[in-house]
Amino acid sequence: MSDGDNPTIQRWDIGLVLIHEFITEDEEAAMIEAFHSQDARQGGRRRISQHFGFHFDYTTFGASEARFTPVPKYIQDLLPRLPIQEHLPDQFTTQYYPPGAGIPPHVDTHSMFEEPLYSLSFGSDVAMAFRKCDANDARRMRLPKRSLTTDPQTSVVPVPSTPDKSGNGDGAKTADEPWEILLPRRSLLLMTGAARYGYTHGIRARKTDRIDGQIVQRQERYSLTMRTVRRADAIRCDCNFPGVCDARIRDEEEQYHRK
């Protein structure tokens with residue numbers, strides 16, 4: 001739904017905010033040029049990632065303790081314009097997506113990053129799908145390959161049988177139907193609350209999207225994900241979605257292995 005005071009802003013009651021034309025066409029062009037000045041690959045079948053600040057760690061789903069790349073000025077210039085000025089991002093991942101590439105549905109790690117999660121789309125439009133998490137998501141989160149603390153050969157921690165009292169956690173028997181929102185080029189998506197903690201988000205791998213009733217061919221697209229890293233005692237989470245919360249899963253694992 002649109003913001004009555006500002007038609008360029010859309011809001012959803014699960015904690016999603018979409019800001020249209022967050023960057024200018026000139027800024028968009030400069031960001032694309034900067035991306036390819038760092039990595040000349042283009043036109044392949046796979047997405048390409050670049051990390052700034054603390055690098056995203058795909059083994060822990062948090063941020064690297066050792067790898068750091070200075071944040072370029074074109075990203076620094078965006079920070080004063082972000083809608084939440086507390087806990088400004090310090091971890092940035094820029095990605096290039098060839099036409100047809102997707103992102104598997106997922107929930108970003110709860111405890112390793114502060115609540116606000118930003119995604120800036122540029123280059124072209126794309127549809128992003130959201131779905132409320134259910135028991136199947138909770139089970140997948142507890143598979144050994146998904147664990148943040150368990151050796152891959154150890155047993156899987158059982159999913160708690162007690163339903164989430166909020167009705168938004170792992171107590172649902174079936175998943176809600178996914179629904180899509182259009183992310184226009186140059187728009188900024190902000191995820192907080194339920195959208196951040198209790199919904200998967202992803203992009204279906206396909207060559208076309210339906211936009212305003214028309215079938216539109218996908219084009220090359222870029223995104224900038226912005227997160228704020230938590231460290232040491234700040235790594236925590238007390239959200240209302242324990243089924244898909246890495247902090248709760250770590251607690252369960254510790255209790256399970258103490259038995």
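If you take CZ on R248 and CZ on R250, they are separated by 11.0 Å, rounding to the nearest 0.5 Å. Rounded to the nearest 0.5 angstrom, E252 CD and C245 SG are separated by 9.0 Å. Rounded to the nearest 0.5 angstrom, W179 CH2 and M128 CE are separated by 11.0 Å. One distance of note links NZ of K132 with CG of D134; it measures 9.5 Å at 0.5 Å rounding.
Side-chain heavy atoms closer than 4.5 Å link hydrophobic residues (I, L, V, M, F, W, Y) into clusters, and following such links, even through other members, never connects Y118 to L182.
Side-chain atoms of R142 come within 3.5 Å of backbone N or O of A138 as a donor-acceptor pair. A donor-acceptor contact shorter than 3.5 Å links the side chain of T109 to the backbone of F61. Panel note: side chain D209, backbone I211; no donor-acceptor pair is recorded below 3.5 Å. Side-chain N or O atoms of S119 include none that pairs as donor or acceptor with a backbone N or O of T225 at under 3.5 Å. The main-chain N or O of Y97 is never found under 3.5 Å from a side-chain atom of E220 such that the two would form a donor-acceptor pair. Without hydrogens or angle criteria, Q50 side chain to F35 main chain gives a donor-acceptor distance under 3.5 Å. Between the R206 side chain and the T208 main chain, a donor and an acceptor come within less than 3.5 Å of each other.
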Going through the distances and angles, do Y222 and F122 end up as a ring-ring contact (aromatic ring centres under 6.0 Å, His included)?
-> CA-CA 5 Å; Y222 305 79; F122 54 108; 5.4 Å; yes
Carefully, step by step, assess S111 and D246 under the rule side-chain hydrogen bond (donor to acceptor under 3.5 Å, both in side chains).
-> CA-CA 7 Å; S111 69; D246 64 287; 2.4 Å; yes
Which is it for L120 and I23 under the side-chain contact (heavy atoms from CB on, under 4.5 Å) test, yes or no, and what are the steps along the way?
-> CA-CA 9 Å; L120 176 63; I23 58 174; 4.1 Å; yes
Take Q95 and S223 through the side-chain hydrogen bond (donor to acceptor under 3.5 Å, both in side chains) test and state the conclusion after the steps.
-> CA-CA 5 Å; Q95 302 207 62; S223 71; 5.0 Å; no
Stepwise, does the side-chain hydrogen bond (donor to acceptor under 3.5 Å, both in side chains) test hold for Q10 with H20?
-> CA-CA 8 Å; Q10 293 176 274; H20 295 248; 2.7 Å; yes
Run the side-chain contact (heavy atoms from CB on, under 4.5 Å) check on M112 and I235 step by step: do they pass?
-> CA-CA 6 Å; M112 301 291 186; I235 297 176; 4.0 Å; yes
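No side-chain heavy atom of R196 sits under 4.5 Å from any side-chain heavy atom of L190. Side-chain contact check for R186 versus T24: every heavy-atom pair is 4.5 Å or farther apart. Considering only heavy atoms from C-beta on, Y197 stays 4.5 Å or farther from V244 through its side chain. The shortest distance between side-chain heavy atoms of L79 and P89 falls below 4.5 Å. Side-chain contact between D90 and H87 is absent, with no heavy-atom pair separated by less than 4.5 Å. In this structure, E27 and Y74 have side chains that are not in contact, with every pair of non-hydrogen atoms separated by 4.5 Å or more. Residues Y199 and I14 meet the side-chain proximity criterion, which asks for heavy atoms closer than 4.5 Å.
A donor and an acceptor atom, one from each side chain of T93 and Q91, are located under 3.5 Å apart. Between the side chains of H106 and D108, at least one donor-acceptor pair of N or O atoms lies under 3.5 Å.
Contact between R218 and P99 at its shortest, heavy atoms only, is O-CB, 3.5 Å. Here the shortest heavy-atom pairing between L188 and P83 reads CD2-CD, 4.1 Å. Residues K207 and G100 approach most closely at CD-CA, 4.1 Å, considering heavy atoms. Contact record, S64 with A66: OG-N, 3.0 Å, taken as the closest heavy-atom pair. Nearest approach of P184 to L18, heavy atoms of both residues: CD-CD2, 4.0 Å. In this structure, L88 and I84 approach most closely via the heavy-atom pair CD2-O, 3.8 Å.
Between R231 and E65 there is a salt bridge, with a side-chain nitrogen of the basic residue lying less than 4.0 Å from a carboxylate oxygen of the acidic one. At a threshold of 4.0 Å, the pair D137-R140 counts as salt-bridged, since one of the basic side-chain nitrogens sits closer than that to a carboxylate oxygen. One finds a salt bridge joining E28 and R185 here, because a Lys/Arg side-chain nitrogen approaches an Asp/Glu carboxylate oxygen to under 4.0 Å. Ion pairing of E180 with R210 is absent here, as no side-chain N (NZ or NE/NH1/NH2) approaches a carboxylate O to less than 4.0 Å.
When each of L117, L189, V107, I103 is checked for a side chain to side chain contact (heavy atoms under 4.5 Å, CB included) with H201, only L117 meets the rule. When the options F92, F52, F54, F56 are evaluated for a ring-ring contact (aromatic ring centres under 6.0 Å, His included) with F68, the one that passes is F54.
Summarising the local packing, CZ of R67 is surrounded by 12 or fewer heavy atoms from other residues, nucleotides or ligands at distances under 6.0 Å. Around atom CD of E25, no more than 12 heavy atoms belonging to other residues, nucleotides or ligands sit under 6.0 Å away. Environment of CD in Q214: sparse, with no more than 12 heavy atoms of neighbouring residues, nucleotides or ligands closer than 6.0 Å.
Relative orientation of the H51 and Y58 rings is perpendicular, given thresholds of 30° and 60° on the angle between their planes.
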